[in-house]
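The figures that follow rest on heavy atoms only: side chains count, while hydrogens, waters and symmetry mates do not. Chain letters run A, B, ... following the sequence lines, proteins first and then strands; every chain starts at 1.
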Amino acid sequence: MSNQVRVRFAPSPTGGLHLGGVRTVLYNYLFAKQNGGEFILRIEDTDQTRFVPGAEEYIFNCLAWCGLTPDESPKHGGPYAPYRQSERKAMYRQYAEQLIKQGNAYYAFDTAEELEKMRTDFKTDENPSPQYNYVIREKMKNSLTLGEAETQKLLEEGAPHVVRIKMPQNEEVKFNDMIRGEVSFNSSLVDDKVLLKADGMPTYHLAVVVDDYSMKISHAFRGEEWLPSAPVHILLWKYLDWENDMPQWAHLPLILGPDSSKLSKRHGNKYGFPIFAMNWTDPKTQELTEGFYERGFLSQAFVNLLAMLGWNDGTEQEVFSMEELIQRFDIIRVSHSGAIFDFEKAKWFNHEWIKKLPVAEYKDQVKKIFADNNITIANDEQFAKVLELVKDRCTLLNDFVAQASFFFQSPKEIDTAAIKPKWDDKKQQFFAELIRAYELLPTWQHDELEREFKEIVAANQMKPGELMMPLRVMLVGGKFGPGVFDIAAIIGKDETIARIKHALALLG
RNA sequence: GCCGCGUUGGUCAAUCGGUUAAGACGCAUCCCUUUCACGGAUGAAUGACGGGUUCGAUUCCCGUACGCGGUACCA
C-alpha cells in the first residue's frame, strides 16, 4: 500500500450540517493538507427512508463557505467515483456473499415483527435490550438454523432477507486509536450487525469498510459515537483479508451542549444559538434552523473556534488561520473527552477575527446584511471607512447594522430621554449658535468641527462634557458609537445640521 | 442492565512525577475614553472520591462514584 494520505468525511444527506460534523471535516482536512494528502467527501445515502432532497447540495455549500473543499466528491469527481453509496450499491453484495461463504456472515430471514417479538420475549430487568448475538441467533430464522436446503429454497423464492455478520465468541478485538491508544472489546458482547439490508443496500458497517478499502483511505477520523461499532469494522477488514490496508482510526470526542449531552438541534432552540453551519430549511416541515453564517460569523472565526473545541497546540495561541492550523494541527493532541460548546467564546473568536481581518475581507458580506435591512450603500469607499471606524465594537457581522446604520440614514429614534432631564434654554441656544457657525464653515473636516464646537462652548462659558453627549444623541440616536466629530465629518454638513435641527425640534 | 469512553475553576484548557496548578472566555473592580466599545491592570474561581506505587502524585495503577456514547434492516 502506498503512503499516500487519503481521508474522508462521509455524511448522510439527512438535514443540516452541525458543528460536530464540520469539526470532523476540519480535522480530516487539516490532517490531509498537512501531509500532502487528499480529502474525500463521500455521501452515505444508503437509507432511502431518511433521504432529504437538497441536503447534499447544502453540505457542499457549507464546506465551500468554510473553505474546506474536497479533492474528490460526487460534485468534484475523482478517480474512485462514484462517491455516492447508493450508486455503488451493486458492489457490496459480492463482499457480503464472500463473508457468508467464509462462514463470517449468514442470511437472516426474520421479519420486523419477529425481531420485535424476540426483543420483548427476551427482555429482562438485567437485559433491557436483547441483542441478536451468538446465543439468540440459534433461536432465529437464519441460514445457520434453517440449514442449507431450506435457506436455498427461501432465497430462490425471493424471501426478504438480510445478511448479518457472525460475531465470533469470546474473542478480544483490539485496535490502536490515534487519539485514545489501545481500545479493546470482547466480541461476545457485540451483536450480529446487519451488513446488507433487505432492499440490497449495505448498512453503514459494510459500506464504510468496502468504500474505505476501495477508495484507499489511509486514516479514518469519525465521531466517538462510532467507537462501540469499531470492532465490527475491524473484524470486517480482517475477514475480507484487507487487514494490511486498514486505515488508522481516530475517534473524535463529541461536542456537547450546555447540558453536557451530545450537541443537537434541540440545544440551539433551547439556548438560542446556531448549531448548523448555514441556515437549513427542512423541505418537509419548512422549519428553519439558523446557521452560523447567517448569524453573522466569519468563516475564519467559525473554523478557528471549531478547531479549538477539542484541540490546542500546547501554547497560549488561540487565534489561528487555516494556514496556521494546517501547519500546527496534531491529531495526537486532540483531547479525549467531550467539550461543551460555549457560545460566548464562539462570539469572542468572531470578534477577534473582525478586528484582525482587513475590512475588505468582509465588506461585501456586511453590505448584504445592510441590504437585507433596507440600507443601500452607494459609496463603497466610504462604506469601508465606516466599517473600519466601528469594527472594534462589533462581535457579529450583524452588529454593524446597529453600529453603523446611522451613517447612512438618520436615526429612526432619538433617545431624547438621555438628554431631556438636563436640557435647558441655554443648551437650546448653544446648538442654534452651533448650527449657524457650522453653516458658515468653508470646508468640513473633523478638526475644525471640533475646534468650532469648543470655541462656542468656551464663549458661552459652558462645559464641553454637557454638550458633547447631546450632540452625539442628535447624530446617532443614542449613547454609543465612535467619536462625534468623526461621525459628523463622514455624514457631511447638510446631514449634520439637519439632524441637529430635527432633534432641537423634538426637544424644544 | 450490559459494553465502551471520559472526569483539572461556570466553560475551553496547559502540565509529558517536583510549578505559588498556565492561559483564554465569561464575571467583578479599576485605569484609559467628555459616549459605547477597543486596549491595559487587578481579582474571585479548579485537580470527583478512596486506595495503592513513589522521597514526592493533578500526572502512573486499581477500585468507587458520576457523566456521556452505544446497545436499529439510522448514520
Taking the six-membered ring for Trp, is the centroid-to-centroid distance between A:Phe430 and A:Phe453 below 6.0 Å? yes
Base, sugar-phosphate or nothing for A:Pro258? Non-hydrogen atoms, less than 4.0 Å. nothing
Which listed nucleotide (B:G70, B:C74, B:G23) is nearest to the side chain of A:Glu225? B:G70
Assign each of A:Thr315 and A:Ser335 to its nearest nucleotide of RNA chain B by heavy atoms, then name whichever residue's nucleotide is nearer the 5' end. A:Ser335
In whole angstrom, what separates A:Asp330's CG from B:A14's C1'? 15 Å
Using a cut-off of strictly less than 4.0 Å, decide whether A:Thr46 has a side-chain nitrogen or oxygen near OP1 or OP2 of B:A75. yes
Would you say A:Lys355 has more than 12 foreign heavy atoms packed within less than 6.0 Å of its NZ? yes
Which of B:U11, B:G4, B:G69 is nearest the side chain of A:Ile340? It is B:U11
Between B:G26, B:U35, B:C68, spot the one nearest the side chain of A:Lys479, thanks. B:U35
Need one value for A:Phe349: base, sugar-phosphate or nothing, where a base atom within 4.0 Å counts as base even if backbone is also close, heavy atoms only. nothing
Heavy-atom distance under 4.5 Å between the side chains of A:His233 and A:Tyr204, does that happen here? yes
Could you give the CG-to-C1' distance, from A:Asn133 to B:G70, as a whole number of Å? 15 Å
So A:Leu254 and A:Leu263, do their side chains get closer than 4.5 Å, heavy atoms only? no
From the options B:A72, B:A14, B:A75, select the nucleotide whose nearest atom is closest to the side chain of A:Arg333. B:A14
Toward the 5' end of RNA chain B, by each residue's nearest nucleotide, A:Ser12 or A:Arg393: A:Arg393
What distance, rounded to whole Å, do you find between the two C1' atoms, one in B:G26 and one in B:G10? 8 Å
Check this for me, if you would: do A:Lys479 and A:Asp415 make a salt bridge, where the nitrogen-to-carboxylate-oxygen distance has to be below 4.0 angstrom? no
Of the candidates B:G4, B:A13, B:C73, the side chain of A:Ala339 sits closest to B:A13
Please give the distance between the P atoms of B:G4 and B:U46 as a whole number of Å. 34 Å
Ignoring backbone atoms, test whether A:Arg119 places a side-chain nitrogen or oxygen under 4.0 Å from the OP1 or OP2 oxygen of B:C73. yes
Show your reasoning for whether side-chain hydrogen bond (donor to acceptor under 3.5 Å, both in side chains) applies to A:Asp211 and A:Tyr83. CA-CA 9 Å; A:Asp211 287 344; A:Tyr83 291 92; over 6 Å; no
Proximity to the side chain of A:Phe480 - top-ranked nucleotide from B:G39, B:C36, B:C25: B:C36
Decide, yes or no, whether a salt bridge links A:Lys265 with A:Asp282 under the criterion of side-chain N to carboxylate O below 4.0 Å. no
Watson-Crick and G-U pairing of RNA chain B written in dot-bracket, each distance under 3.5 angstrom, with | for inter-strand partners: (((((((..(((.....[....))).(((((.......)))))....(((((..]....))))))))))))....
Separation of A:Leu256 atom CG from B:G6 atom C1', in whole Å? 10 Å
Roughly how far apart, to the nearest Å, are B:U7 and B:A44 at atom P? 27 Å
How would you label the contact of A:Met308 with the nucleic acid (heavy atoms, under 4.0 Å): base, sugar-phosphate, or nothing? sugar-phosphate
For B:C74, does OP1 or OP2 lie under 4.0 Å from any side-chain N or O of A:Lys197? yes
Give me the distance, rounded to whole Å, that separates B:A72 from B:A14 when you measure between the P atoms they each carry. 35 Å
So, is A:Asn127 close to the B:G1 phosphate, meaning a side-chain N or O under 4.0 Å from OP1 or OP2? no
Starting the side chain at C-beta, find the nucleotide from B:C3, B:G26, B:G23 nearest to A:Trp348. B:G26
Expressed as a whole number of angstroms, how long is the span from A:Asp313:CG to B:A13:P? 14 Å
Charged tip of A:Lys420 within 45° of A:Trp423 ring normal and under 6.0 Å: no
Could you list all the side chain to side chain donor-acceptor pair (under 3.5 Å) pairs where at least one residue sits in residues 306-318 of chain A, not counting sequence neighbours? A:Asn312-A:Arg333, A:Asp313-A:Thr315, A:Asp313-A:Arg328, A:Gln317-A:Glu324, A:Gln317-A:Arg328, A:Glu318-A:Lys345
How far does the C1' atom of B:G18 sit from the matching atom of B:U58, given to the nearest Å? 12 Å
Mind calculating the distance between NE2 (A:His351) and P (B:C25) to the nearest angstrom? 11 Å
Of the listed nucleotides (B:C73, B:G1, B:G6), which one gets closest to any side-chain atom of A:Pro128? B:G1
Are A:Arg222 and B:G70 close enough that a side-chain N or O sits under 4.0 Å from OP1 or OP2? no
I'd like to know whether the aromatic ring centres of A:His161 and A:Tyr106 sit less than 6.0 Å apart in this structure. no
Whole-Å distance separating the CZ atom of A:Arg50 from the P atom of B:A75: 7 Å
Consider the side chain of A:Val183, meaning its heavy atoms from C-beta on, and name the nucleotide among B:U35, B:C25, B:C5 that approaches it most closely. B:C5
Could you give the NZ-to-P distance, from A:Lys345 to B:G26, as a whole number of Å? 8 Å
Is there a side-chain contact between A:Val390 and A:Phe480 (heavy atoms, below 4.5 Å)? no
B:U35 and B:A41: how far apart are their C1' atoms, nearest whole angstrom? 22 Å
Integer angstrom distance from the P of B:U15 to that of B:U8: 14 Å
Within the pair A:His336 and B:G6, is there a side-chain N or O less than 4.0 Å away from OP1 or OP2? yes
Expressed in whole Å, how much space separates the P atoms belonging to B:C12 and B:U29? 26 Å
Nucleotide nearest A:Glu344 (side chain, heavy atoms from C-beta), chosen from B:G70, B:G6, B:G26: B:G26
Distance in angstrom units between A:Asp486 CG and B:C38 C1', rounded: 14 Å
At under 4.0 Å, does any side-chain N or O of A:Arg164 touch on OP1 or OP2 of B:C73? yes
